[in-house]
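Worksheet for the structure shown next.
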Amino acid sequence: MSILVAQAVSTRRLDLLPLHVEHAEEMAAVLSDPALHTFIGGTPDTPQALRSRYQRMTSGSPDPAVSWLNWVIRLRDESSLTGTVQATAGPSGHGIIAEIAWVVGTPWQGRGIATEAARGLVDWLSRQPVQTVIAHIHPEHRASAAVATAAGLTPTDEWHEGEIRWHRSIRR
């Protein structure tokens, strides 16, 4: 499998920019609301902890068959970072599968940013050698379910660690 590399993606209002360690300070503020962790657990990272995490993430997966793809979401009109999208892509029994996730800071929620970013990510993945896109969403997280639906994913009957597996096949 060829290694996928995150590339800049532009949508109508957003730029998805490949993650860099230098994004940590601004992103620590974006992700500072403890409410963001309601469904995923944990607590907000300090800028230093986020910098360390971003260093690990940008170093790449230790498995050469797996690509860690991470972007920050920049709202062009405000020239500010508003969240992240990510995909972990690797081989499966049915070609390359990409597991995606997104988070948008509380001040920017309710403006369609997560939906637009997730659609941009899935569109980009559909131009890569990816056959399947999945996401795992908490059953009570209606906003994330709406984002997944807008990005063309549908819920399955499968569960993973208390979350519903959502799925989309990429048609070639």
Side-chain angles (χ1 to χ4, degrees), residues 4-11 13-63 66-90 98-122 124-125 133-151 153 155 159-166:
L4 298 178
V5 177
Q7 299 168 340
V9 176
S10 291
T11 66
R13 300 178 297 155
L14 309 173
D15 292 315
L16 308 183
L17 305 171
L19 179 71
H20 292 286
V21 173
E22 293 75 24
H23 292 130
E25 188 165 333
E26 186 175 355
M27 287 305 302
V30 169
L31 303 174
S32 65
D33 185 351
L36 289 174
H37 298 268
T38 299
F39 293 106
I40 61 173
T43 58
D45 283 329
T46 65
Q48 298 82 3
L50 203 54
R51 177 177 277 282
S52 292
R53 183 186 323 154
Y54 286 1
Q55 285 173 333
R56 288 189 305 277
M57 291 166 68
T58 58
S59 294
S61 170
D63 182 343
V66 174
S67 298
W68 289 348
L69 307 161
N70 297 279
W71 293 263
V72 291
I73 304 167
R74 184 172 72 87
L75 182 59
R76 232 179 272 117
D77 286 351
E78 296 179 13
S79 193
S80 62
L81 299 183
T82 61
T84 63
V85 291
Q86 63 186 47
T88 300
E99 183 172 344
I100 65 171
W102 52 85
V103 64
V104 170
T106 305
W108 298 276
Q109 290 179 0
R111 296 167 56 181
I113 291 170
T115 296
E116 188 173 333
R119 281 179 174 160
L121 173 58
V122 171
W124 182 83
L125 289 168
V133 177
I134 63 167
H136 293 99
I137 300 174
H138 190 283
E140 296 175 19
H141 200 319
R142 290 187 184 99
S144 277
V147 170
T149 299
L153 282 77
W159 288 74
H160 176 76
E161 297 180 5
E163 297 181 319
I164 298 170
R165 179 181 168 123
W166 289 62

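Worth knowing before you read on, the calculation uses all heavy atoms, side chains too, and leaves out hydrogens, waters and symmetry mates. Sequential numbering from 1 along the given sequence is applied to the chain's residues.
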Under 6.0 Å from the CD atom of Q55, do we count more than 12 heavy atoms belonging to anything else shown?
-> yes
If you compare all heavy atoms of [X] against all heavy atoms of [Y], which two are closest, and at what distance to 0.1 Å?
{"X": "A148", "Y": "W166", "value": "CB-CE3, 3.5 Å"}
{"X": "A151", "Y": "V122", "value": "O-CG1, 3.8 Å"}
{"X": "P139", "Y": "G162", "value": "CD-O, 3.3 Å"}
{"X": "A6", "Y": "P18", "value": "O-CG, 3.6 Å"}
{"X": "A24", "Y": "P47", "value": "CB-O, 4.0 Å"}

Could you walk me through whether W102 and T84 pass the side-chain contact (heavy atoms from CB on, under 4.5 Å) test, one step at a time?
-> CA-CA 6 Å; W102 52 85; T84 63; over 6 Å; no
Quick one: does any side-chain atom of [X] pair with a main-chain N or O of [Y] as donor and acceptor, under 3.5 Å?
{"X": "R119", "Y": "A150", "answer": "yes"}
{"X": "H37", "Y": "I40", "answer": "no"}
{"X": "R76", "Y": "L14", "answer": "yes"}
{"X": "S144", "Y": "H141", "answer": "no"}
{"X": "E26", "Y": "L81", "answer": "yes"}
{"X": "H138", "Y": "E140", "answer": "yes"}
{"X": "S67", "Y": "L69", "answer": "no"}

Gap separating the [atom1] atom of [X] from the [atom2] atom of [Y], nearest 0.5 angstrom:
{"X": "S32", "Y": "M27", "atom1": "OG", "atom2": "CE", "answer": "10.0 Å"}
{"X": "L16", "Y": "N70", "atom1": "CG", "atom2": "CG", "answer": "12.0 Å"}
{"X": "L19", "Y": "T58", "atom1": "CG", "atom2": "OG1", "answer": "6.5 Å"}
{"X": "L17", "Y": "R74", "atom1": "CG", "atom2": "CZ", "answer": "6.0 Å"}

Are R13 and D77 ion-paired here, with the side-chain N under 4.0 Å from a carboxylate O?
-> no
Show your working on side-chain contact (heavy atoms from CB on, under 4.5 Å) between I164 and I137 and close with a plain yes or no.
-> CA-CA 5 Å; I164 298 170; I137 300 174; 5.5 Å; no
Does a donor on one side chain sit under 3.5 Å from an acceptor on the other, for E99 and H136?
-> yes
With no hydrogens and no angle check, do the side chains of W124 and Q7 hold a donor and an acceptor under 3.5 Å apart?
-> yes
For a side-chain contact (heavy atoms from CB on, under 4.5 Å) with I100, tell me which candidate from I134, T88, L125 qualifies.
-> L125
side-chain contact (heavy atoms from CB on, under 4.5 Å) assessment of Y54 paired with H23 | CA-CA 8 Å; Y54 286 1; H23 292 130; 4.3 Å; yes
Side chains of V103 and L36 in contact at under 4.5 Å (non-hydrogen atoms) | yes
Test log, rule side-chain contact (heavy atoms from CB on, under 4.5 Å), inputs I73 and W71 | CA-CA 6 Å; I73 304 167; W71 293 263; 6.0 Å; no
Output side-chain donor-acceptor pairs under 3.5 Å for residues 104-114, partner residues at least two apart or in another chain, one line each.
residue : atom : partner : partner atom : Å
T106    : OG1  : D33     : OD2          : 2.7
W108    : NE1  : E78     : OE1          : 3.2
Q109    : NE2  : V104    : O            : 2.8
R111    : NH1  : E78     : OE2          : 3.4
R111    : NH2  : E78     : OE2          : 2.6

